[in-house]
Structures are given as C-alpha cells and as structure tokens.
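Below is one structure, written out as structure tokens, with a few remarks after it.
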Amino acid sequence: MDSFFLEDWFEGIGEKKYRAAQVLRWLYMHNVSSFEEMTNLGKNMRQKLDSNFFINRLKRVETEKSKDGSVKYLFGLEDGCLIESVLIPEKERFTLCISSQVGCAMGCKFCMTGKSGFKRNLTQGEIVSQVRDTIFDMGESGSRLTNIVFMGMGEPLANYENVKAALTILTDFEYGFKFSNRKITISTSGIVPNLLKLGQDTKVNPAISLNAADEATRSALMPVNDKYSIKDLLQACVEYRMKKGRRITFEYILIQGVNDSIEDARKLVKLLRPLRTKVNLIPFNPHEGSEFARPSAKAVEDFHKIIVKSGLTAIVRHSKGDDISAACGQLGAKNTESQE
Ligand code: SAH
Ligand code: SF4
C-alpha cells in the first residue's frame, strides 16, 4: 500500500491527508495486525478503515530450522502459490533472503528455481510482507534484522516496478522500515537495461551472478547471456552509479569441470580487475535432478587463491541452511503451488 493511494482515500472521505502516514507507520513501523491497534485514530475512523481494507499476513505453511540456525519460511499466497524466505543469523544481526517472483523464467541450468519454471511476479505487498511478517515473527529480536538480500526465488530485475516499489517502503524513514540502502542487495542474472535503471532509481547494492569467465560458458549455463553478454554486463557495471567507495559484488558458482579450472580463475581475474569488485565464490549446491557437481575443497581453494593473489577481494561463501534446502539455488523446491 502506498501513501498516495491512502492520501486520496482519506481526502475522499473528508479527512486530512496526514492520516495516511499515520496508518502506514502503524503498518510498517509498529507492525500491527489490525486497525483496532491504531490508537491515535478515532474509533469511527478505525471502523471505516476496517470496512474498506484488510490487513493480512502471509500464510505460514511451513517453518524449517537448519542446524546452523537459518530458518526457512514457506509462505502461502492468496492464490495458493508458494514462496520461500530464509532468515540467516549472523553474529549480532540477521539477514533475510527474500523472493521476488514465484519461480523464474531465466532458466539457468544450475538453479532449482530456474528448473521449476515461471508462475508469476510477486506484488509489492507480497515482497514487503516477507520482511514485515518475519520481523513480526521474530518478536524482540526483530530490530536486529538489518540486512535484506533479494536472492530467494526469482529474478528481481524481471519484476522491476514491484521490486522498486517495495524498496521504497523498506527504506523509507518517515513511515517505512528504515532499512539502510547499503544493507539491501539485489542479486541479478544480468538484465542490463534494468540494472542501469536500478542504478538511477535507487541506492541499493547490486550483486551480479556472473558464474562464468567467458561468453560461451556463460551462455551454456545462463540463457540470459545470449541477450546481454558478459561484455555488455560489465560495461553496465562500470556505468552503474555507485556511491564513491562502494564495490559491486560478483557471484560465481563453482561447478566441477565446467567453470572451476585454473584457466577460468585467470580469465575471471582479467575480466574483473578493471572493476572495483568483490567476488563471492559459491561452491555449487547440488539438488535433485541436477547434472552438475560441486568441486573438491582443494579445487575451490586453488581457484580462490588465484583471485586473491590478483588483488581482488574474494570470499568462499559456504551456503547456510543446505540441510533444509534453504541454500542458494535450492529454493523454489519441487512445488510452487500448495497442495490444497
Ligand atoms: N535471480 C537472481 C537472484 C536469485 S538466485 C540471480 O540469479 O542472481 C541467487 C543466487 O543463487 C545467484 O547468485 C545464483 O547464481 C545462485 N545459485 C543458483 N543456483 C545455485 C546452486 N545450485 N548452487 C549455488 N548457488 C546457486
Ligand atoms: Fe532465476 Fe537466478 Fe535461478 Fe537464474 S539463478 S534461474 S535468474 S533464480
């Protein structure tokens, strides 16, 4: 729900516009579940709101806790579709990994979500609700949820307008969730025009799922590369209006025998050195029906060493929650529709 819509509504019933901001503050800052709780509004007005709108939460279909403390929420949407969000505890804070679509149309060969196909875009409300309802569920520790990553199901830049609208609510300081732009990351397979738009419209961080160091390998893994090549993508990254001193993150899944050789590592260095980048190396997470395998620990280490020696920052990101299929590329599991 945005402020303009509500402002118009209040004006339409002869009320002041500022009432809209009051309602939104209750919804997002105080995370209330009913109009009854909005105590700075008169009883009449609360009743009017109640007969015109409803506040609902995402239906929690399942909650799974991993050994490492990550929690995977399976949410049921109004139309029966299912999406997943993963809450990841870090030392002092929490990161929430959220979905932007039901399924994904990008068809990356290594990704479980990609294999399940595309159902639909999430609405602005469904994107925001993953955050709102998780904070609600966390109770006291809700304030320690400081970071959001769009790395769940879906390609956020293929649902650009709704993602952008959700970001407005998540980062708004007057009535929204007050997340710092620096602590929100949008991971993308590389839809170049929308990446550039994101740079113009917002201050959040992009993370680029590169996953290969040459055009042929990337095209074989990620069909999007036929439309937006590595060359175009890196050019867009240079153009991306990053705040001074900020670096774009690149994600690189290491897949045995596909993109994990020393030669690949050298090619990657050559590509990324001119950019101020951070590289996340993610050993492939196996999932049912996938033809790929994770490289040995030694191969991962050798690859990592070459990147680091070149002067680039690189970390090996061991996925959290892989015992409950909450790790990257394991989301969106077998079903995107509830069995009801
Ligand atoms: N669509 C966006 C965001 C969701 S995917 C994107 O592609 O960036 C989030 C991350 O999970 C991406 O970096 C993707 O490369 C990674 N990923 C997908 N499948 C994976 C797998 N099987 N193992 C490890 N990482 C995977
Ligand atoms: Fe979609 Fe990202 Fe999976 Fe590719 S890696 S299929 S873009 S979710």
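Remember, it's 1-based here, ligands and their atoms both numbered in the order they're listed. Just so it is clear, the structure is predicted and the values come from calculations on it, not from any experiment. All residue numbers refer to positions in the sequence shown, counting from 1.
Remark: F179 pairs with no residue by the ring pair (Phe, Tyr, Trp, His ring centres under 6.0 Å) rule, at least two apart or across chains.
Between K298 and D302 a salt bridge is recorded (basic side-chain N to carboxylate O distance below 4.0 Å). E92 and R144 are not joined by a salt bridge, as no carboxylate oxygen comes within less than 4.0 angstrom of a charged side-chain nitrogen. With salt bridges taken as basic N to acidic carboxylate O contacts below 4.0 Å, one links E291 and K115. Between E263 and K267 there is no salt bridge, since none of the side-chain N atoms of the basic residue sits less than 4.0 Å from a carboxylate O of the acidic one.
Considering backbone and side-chain atoms together, F110 places an N or O closer than 3.5 Å to an N or O of ligand 1.
Interface of F284 with ligand 1, defined as ligand atoms under 4.0 Å from a residue heavy atom, comprises 21 (C), 22 (N), 23 (N). Applying the 4.0 Å criterion to heavy atoms of G152 picks out, from ligand 1, the atoms 4 (C). The E251 neighbourhood of ligand 1 comprises atoms 13 (O), with distances under 4.0 Å to a heavy atom of that residue. Here is the list of ligand 1 atoms found below 4.0 Å of a heavy atom in G154: 1 (N), 2 (C), 3 (C), 4 (C).
Contacts between F150 and ligand 1 below 4.0 angstrom, taking non-hydrogen atoms only, involve the backbone exclusively. Contacts between T113 and ligand 1 below 4.0 angstrom, taking non-hydrogen atoms only, are absent altogether.
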* Can you check side chain to side chain contact (heavy atoms under 4.5 Å, CB included) on I208 and L195, steps first, answer last? -> CA-CA 10 Å; I208 311 292; L195 177 63; 3.8 Å; yes

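Of all the listed residues (P156, S209, C111), S209 holds the heavy atom that lies closest to atom 8 (O) of ligand 1.
For atom 4 (Fe) of ligand 2, protein N, O or S atoms under 2.8 Å: 1 in total.
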